[in-house]
2 protein chains.
Amino acid sequence: MTSESSSSNDLEGATTPVGFAHHDHDTCVAEGLAAAETRCEEDSLRFTPVRRKVLEILLQEHRALGAYSILDRLREEGFGSQPPVAYRALEFLVAHGLVHKIERLNAFIACAHPGEKHAPAFMICRMCECVAEAQSAPARGALGAAARATGFRIERTVVEAEGVCPTCADKVTKEVPA
Amino acid sequence: MTSESSSSNDLEGATTPVGFAHHDHDTCVAEGLAAAETRCEEDSLRFTPVRRKVLEILLQEHRALGAYSILDRLREEGFGSQPPVAYRALEFLVAHGLVHKIERLNAFIACAHPGEKHAPAFMICRMCECVAEAQSAPARGALGAAARATGFRIERTVVEAEGVCPTCADKVTKEVPA
DNA sequence: GATGAAACGTTATATAATCACACGGAAGAC
DNA sequence: GTCTTCCGTGTGATTATATAACGTTTCATC
C-alpha cells in the first residue's frame with residue numbers, strides 16, 4: 001500500500017505534499033543531498049549513484065514511500081530494477097541516519113535533520129499519508145522508567161503517531177458544510 | 001522472521017520465555033482468557049473458538065508471534081489453515097485491545113493489561129525476541145508538544161524500544177569471561 | 001597491475017497481507 | 001417457528017514486502 005506510483009493521491013498538485021508547514025521544496029531536496037554528501041565524505045562512506053538517487057527520490061516527498069515505489073522510479077531512471085537494489089540502498093541510508101523507516105507503513109522517508117543525533121518521532125496522517133518528523137525522548141518518560149526498572153537496555157526506539165494532519169482536518173470540516 | 005515454529009530459539013527451555021519478570025504462567029494464560037471472555041460479554045462481542053484459540057496461543061508466549069506462526073498452530077488444532085483465518089481473528093483481537101501488533105516485527109502479542117485504557121509501549125529484546133509491555137504517554141512529551149505546535153491530531157501511537165533484556169545482557173557478560 | 005573488500009545486477013524464493021466468493025449458523029423481525 | 005440478514009468461517013488465488021544466493025564489477029590500497 002503506502003502510496004502507489006502516481007494515481008489516486010494527487011491531492012493538491014503533488015508539487016508540495018507538505019510536511020505540514022510550507023517551505024521551499026527544491027531547496028530542501030538540494031540541501032538534503034548536499035548534507036548527505038558532506039556526511040559521507042566525512043565518514044568515508046560511498047555515496048554511490050543508486051544511493052544518491054534513492055535519497056533524492058525520498059527527498060522529493062514528504063510522505064513515506066514503499067520500497068517498490070522507489071524501485072519503480074529507479075527503473076524509470078535506468079537503474080537496476082530488482083528489489084535488492086532498492087533494499088540495499090535503503091539499508092545503507094537507514095544505517096547512516098539519512099533515511100528512516102516508518103514501521104507502521106513498511107515505508108521509508110528522508111531524514112529531516114540529517115547529521116544531528118536524534119531519536120526521531122513521526123506524525124503520520126492517515127488521510128493524505130504525509131509524514132512529519134519530530135524529535136522524541138522516549139527514554140525520559142514512562143518507557144524509560146519502565147526500562148530502568150526492569151533492567152532493559154534501550155538501543156533504538158520507534159515512535160510513530162497516527163492521526164490527522166492540520167491540512168486534512170481543515171478539509172474535512174469544510175467538506176461537511178450543511 | 002519473528003520466531004519460527006520451534007527450532008533455534010530454545011534458549012532456556014521455552015516453558016517460560018519470560019516477560020523479564022518471573023510469574024505464574026499458567027495462571028496468566030487463564031486470567032487472560034477469562035478477562036477476554038468477560039470483556040466480550042460486556043460488549044456483546046462474539047468470542048468465537050478461533051478468536052479464543054488465537055488469544056490462547058499468544059498468551060502462551062511473551063514474545064510476538066507472526067501471523068503465519070499462529071496459523072501453523074491453528075492448523076495443528078484443526079482450525080482453518082489459510083491466512084485469512086488468522087488475520088481475521090487478529091484483526092478482531094487488536095480492534096478490541098486484547099492483542100497488540102508489534103510493528104517493528106510485523107508480529108502480534110497478547111495484551112498484558114486487557115481492559116485498562118492504555119497507550120502501550122513495548123520493549124523488544126533483539127537477542128531472545130521476548131517482548132514486554134509497558135505504559136507510555138507519548139502525547140505528554142516532545143512528540144505531544146510537536147503535535148500541538150503543528151496542529152496534528154494524534155489518534156494512536158506506536159512506541160517500541162529495541163534493545164537487550166536483562167536476562168540476555170547477563171548471558172552475554174557471562175559468555176565472555178576471560 | 002595485483003589484491004581484497006564493498007557494491008551491484010539478477011534469479012529465485014521467503015514472508016506478510018489481502019481479495020473474492022461460497023457456505024453456514026446466530027440474532028432479530030414477523 | 002420461520003424467514004431474512006448479518007457475521008463469521010473456509011478456501012483458492014493473488015498482491016505486497018523482503019531476503020538468499022551467486023557471479024560480476026568497482027574501488028581503495030598496496
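Letters A, B, ... mirror the listed sequences (proteins, then strands); counts begin at 1.
A close approach under 4.0 Å does occur between a side-chain nitrogen or oxygen of B:K101 and OP1 or OP2 of C:dA17. Taking side-chain N and O atoms only, A:N106 has a distance below 4.0 Å to OP1 or OP2 of D:dA18. The phosphate of D:dT26 (OP1 or OP2) has no side-chain N or O of A:T48 nearer than 4.0 angstrom.
Applying a 4.0 Å cut-off to non-hydrogen atoms, the residues of residues 85-93 of chain A that approach DNA chain C are A:V85, A:R88, listed by residue number.
Remark: the B:Q60 side chain and the B:H25 side chain contain no N/O donor-acceptor pair separated by less than 3.5 Å.
Closest to the side chain of B:R46, out of D:dA18, D:dG8, D:dC27, is D:dG8. When distances are taken from the side chain of A:P84 to each of D:dT19, D:dG12, C:dA17, the shortest belongs to D:dT19.
Annotation: the span from A:R153 atom CZ to B:E162 atom CD amounts to 12.0 Å, rounded to 0.5 Å. The distance from the NE2 atom of A:H62 to the SG atom of A:C165 is 12.5 Å, given to the nearest 0.5 Å. Distance check: A:F152 CZ to B:C168 SG gives 9.5 Å after rounding to the nearest 0.5 Å.
Rounded to 10°, the angle separating the first-five-pair axis and the last-five-pair axis of the helix from C:dG1-D:dC30 to C:dC30-D:dG1 equals 40°.
In this entry the distance linking CD of B:Q82 with P of D:dA13 reads 10 Å, nearest Å. Atom pair B:L105:CG and D:dA18:C1' shows a separation of 14 Å (rounding to whole Å applied). Whole-Å rounding puts the A:E103 CD to C:dA16 P distance at 13 Å. If you take CZ of A:R104 and P of C:dA17, they are 11 Å apart, rounded to a whole angstrom. Protein atom CG of B:L71 is 14 Å distant from nucleotide atom P of C:dT18, rounded to whole Å. Following rounding to the nearest Å, B:F47 (CZ) and C:dA26 (P) show an atom-to-atom distance of 18 Å. Counting to the nearest Å, the C1' atom of D:dT9 and the CG atom of B:L74 are 12 Å from each other. Between the CD atom of A:E41 and the P atom of D:dC27 there is a distance of 15 Å, rounded to whole Å.
The side-chain hydrogen bond (donor to acceptor under 3.5 Å, both in side chains) contacts involving residues 77-86 of chain A comprise A:K53-A:E77, where partners must be two or more places apart or lie in separate chains.
B:Y68 contributes a side-chain N or O that forms a donor-acceptor pair with the base of C:dA17 under 3.5 Å.
Sequence order on DNA chain C of the closest nucleotides to A:S81 and A:R51 puts A:R51 first from the 5' end.
For the pair A:R52 and A:F47, the NZ or CZ position fails the cation-pi test of under 6.0 Å to the six-membered ring centre and within 45 degrees of the ring normal.
The six-membered or imidazole ring of B:H100 lies away from that of B:H113, with a centre-to-centre distance of 6.0 Å or more.
Enclosure of atom CZ in B:R140 is not indicated, since only 12 or fewer non-hydrogen atoms of other residues, nucleotides or ligands lie within 6.0 angstrom. In the displayed structure, B:E91 atom CD is contacted under 6.0 Å by at most 12 heavy atoms of other residues, nucleotides or ligands.
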Trace of the side-chain contact (heavy atoms from CB on, under 4.5 Å) decision for A:R104 with A:I124: CA-CA 9 Å; A:R104 184 73 227 280; A:I124 307 165; 4.0 Å; yes
